[in-house]
Amino acid sequence: MNSEPAADPLLRLRDLRLDILGADGADLPILRGIDLTLRAGEAVGIVGESGSGKSMTLRCVGRLTPPGARITGDVLVGGHDVNRLRGKDLRRYRQTQVGYIFQDPRAAINPMHTVGDFLLEPARDRGEDRTAAATAAAATLTRMGITDPLRRMRQYPFELSGGLLQRVMIASVLLAGPALLLADEPTTALDVTTQSEVLALTDRLRRDRGIAMLFVTHDLDLAMAVCHRIVVLYAGRVLEVSDSRTIRRAALHPYTRALLASRPPVGIRLPRIPVIPGAPVSAADAGPGCPFAARCPVALPVCGSEVPAPTAHPGGTVACHRAAEIAAGALDPLLPSVAQHPTGLDPATPGNPVPGGTGERA
Ligand SMILES: Nc1ncnc2c1ncn2[C@@H]1O[C@H](COP(=O)(O)OP(=O)(O)OP(=O)(O)O)[C@@H](O)[C@H]1O
Ligand code: SF4
Ligand SMILES: [Mg+2]
């Protein structure tokens, strides 16, 4: 777990909505009013099943949304509205305020340039001394656990393994010294041993430098281990926000409880995998009420027609019409919700249950 973050928010998302203009000329809803805060030095994990809007939330913060995107609501970083940044100010924001780590480093690094060129490009743009910049880059590569950094800087991306390249990517972010790190499944494409090495290094360097992080992952256990707080997304909405300790033992939202219950147990071979029955819906396909209503075992008629407002609980907030009953222990939404999914059944087949949230793509 990390050291304590600062009190004031570095990032504030307020009623963030994202629509993307479809080929038919109609707006496709993607995010339906995200509220989220992140303090300097804090790590917040964003979890949820595929298509819930995790990457799009990060893209709104980094101003890297696809063509046809329409953003409303506030994205405030250090009190400044990111949506209003243009030209030079936007470039400076992207280069100095936020660092982006993508799932696939090969897609983010120009294959035609050497690793050294990639690392030194920002310093060159700023007109800095090349020798000093190269020394700083080599030192950062060393801190990322890369031996013989000068030789690596002469190599091209295709000459490096995925794990090494992800370390280079992270080194480039650290060199820029941003206040905010946006990490979108940064280790999913790596093998398990490399995953934990890269993550441990990143986490240590992030804490040493007091960098705040939004960490997107399918792995709820990983998020709870690395982050102070967890945000659970579903169909472009925040269903629950909780600190990592509270969510583990006292999650209130039926979806969060189902995610926790459907994690594959460590070290135990089960004939059947626990899953959340039904398939996740996108924001565009969600009905007028609670987006989880079609899969929720304790849904009431009101759930299908009214979106529950977030209410505060000791560890954060929860958006569920029945949260008070669950908090009081009068209702257990878990027992009927997590089915036993026979191993070997293809979960991608429409109509088959989908493995719950975390870890299914790891
Ligand atoms: N360029 C695009 N145009 C239109 N819709 C898009 C585009 N990119 C993503 N979407 C849609 O936006 C929704 C949210 O996508 P997003 O990539 O944020 O999901 P995610 O939670 O990151 O999923 P995953 O875990 O699979 O990465 C999905 O329904 C997706 O189909
Ligand atoms: S009880 Fe209702 S509001 Fe709560 S998760 Fe289930 S469907 Fe949604
Ligand atoms: Mg994604």
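All of these numbers come straight from a predicted model, not from anything done at the bench. In listed order, ligands and their atoms are each counted from 1.
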Can an N or O of [X] be found at a distance shorter than 3.5 Å from an N or O of ligand 1?
X    : value
M56  : yes
G51  : yes
I30  : no
S282 : no

Note to self: For atom 16 (P) of ligand 1, tell me which residue out of P67, A283, G53 has the closest non-hydrogen atom.
What the structure shows: G53
Notebook entry, point to check: Among D19, L21, I20, which one has a heavy atom closest to atom 3 (N) of ligand 1?
Noted result: I20
Going by the atom numbers of ligand 1, which of them fall below 4.0 Å from some non-hydrogen atom of [X]?
X   : answer
S52 : 19 (O), 21 (O)
P66 : 1 (N)
S50 : 23 (O), 24 (P), 25 (O), 26 (O)

Next item on the list: List the atom of D15, the atom of G33, and the distance in Å for their closest heavy-atom pair.
Entry: OD1-CA, 3.3 Å
Note to self: Please find the pair of heavy atoms, one from L214 and one from L38, that lie closest to each other, and give the distance.
What the structure shows: CG-CD2, 4.0 Å
Check: For atom 5 (S) of ligand 2, which protein heavy atom lies nearest, and how many Å away is it?
Finding: H253 CE1, 3.4 Å
Next item on the list: Inspect the contact between R152 and E159 and indicate whether a charged nitrogen and a carboxylate oxygen are less than 4.0 angstrom apart.
Entry: no
Note to self: Closer than 4.0 angstrom, basic N to acidic O: yes or no for K54 and E49?
What the structure shows: no
Rounded to the nearest 0.5 Å, how far does [atom2] of [Y] lie from [atom1] of [X]?
X    : Y    : atom1 : atom2 : answer
L181 : L174 : CG    : CG    : 7.5 Å
H218 : S52  : NE2   : OG    : 7.0 Å
I230 : L260 : CD1   : CG    : 9.5 Å

Next item on the list: Among L76, T37, L36, find the residue that satisfies the side-chain contact (heavy atoms from CB on, under 4.5 Å) test when tested with P9.
Entry: T37
Note to self: For R32, run the side-chain contact (heavy atoms from CB on, under 4.5 Å) check against L16, L18, D19 and tell me which one passes.
What the structure shows: D19
Next item on the list: Please work out whether the ring planes of F158 and Y156 are parallel, tilted or perpendicular, with thresholds of 30° and 60°.
Entry: parallel
Next item on the list: Only one of R14, R84, R17 passes salt bridge (Lys or Arg N to Asp or Glu O under 4.0 Å) with D74; say which it is.
Entry: R14
Next item on the list: Spell out, yes or no, whether I71 and L64 are grouped together once hydrophobic residues are joined by side-chain heavy atoms under 4.5 Å, including indirect joins.
Entry: yes
Tell me, please: is [X] in heavy-atom contact with ligand 1, that is, under 4.0 Å?
X    : value
Q103 : no
E185 : yes
G48  : no

Next item on the list: For atom 2 (Fe) of ligand 2, check which protein N, O or S atoms are under 2.8 Å away and list them.
Entry: C303 SG
Margin query: Below a 4.0 angstrom heavy-atom separation, can you tell me which part of H218, side chain or backbone, both or neither, approaches ligand 1?
Written below: side chain
Note to self: Assess the residue pair Y234 and R295 against the criterion (side-chain hydrogen bond (donor to acceptor under 3.5 Å, both in side chains)); give the C-alpha distance rounded to whole Å, side-chain angles, the decisive distance to 0.1 Å, and a yes or no.
What the structure shows: CA-CA 12 Å; Y234 191 83; R295 301 168 82 187; 3.1 Å; yes
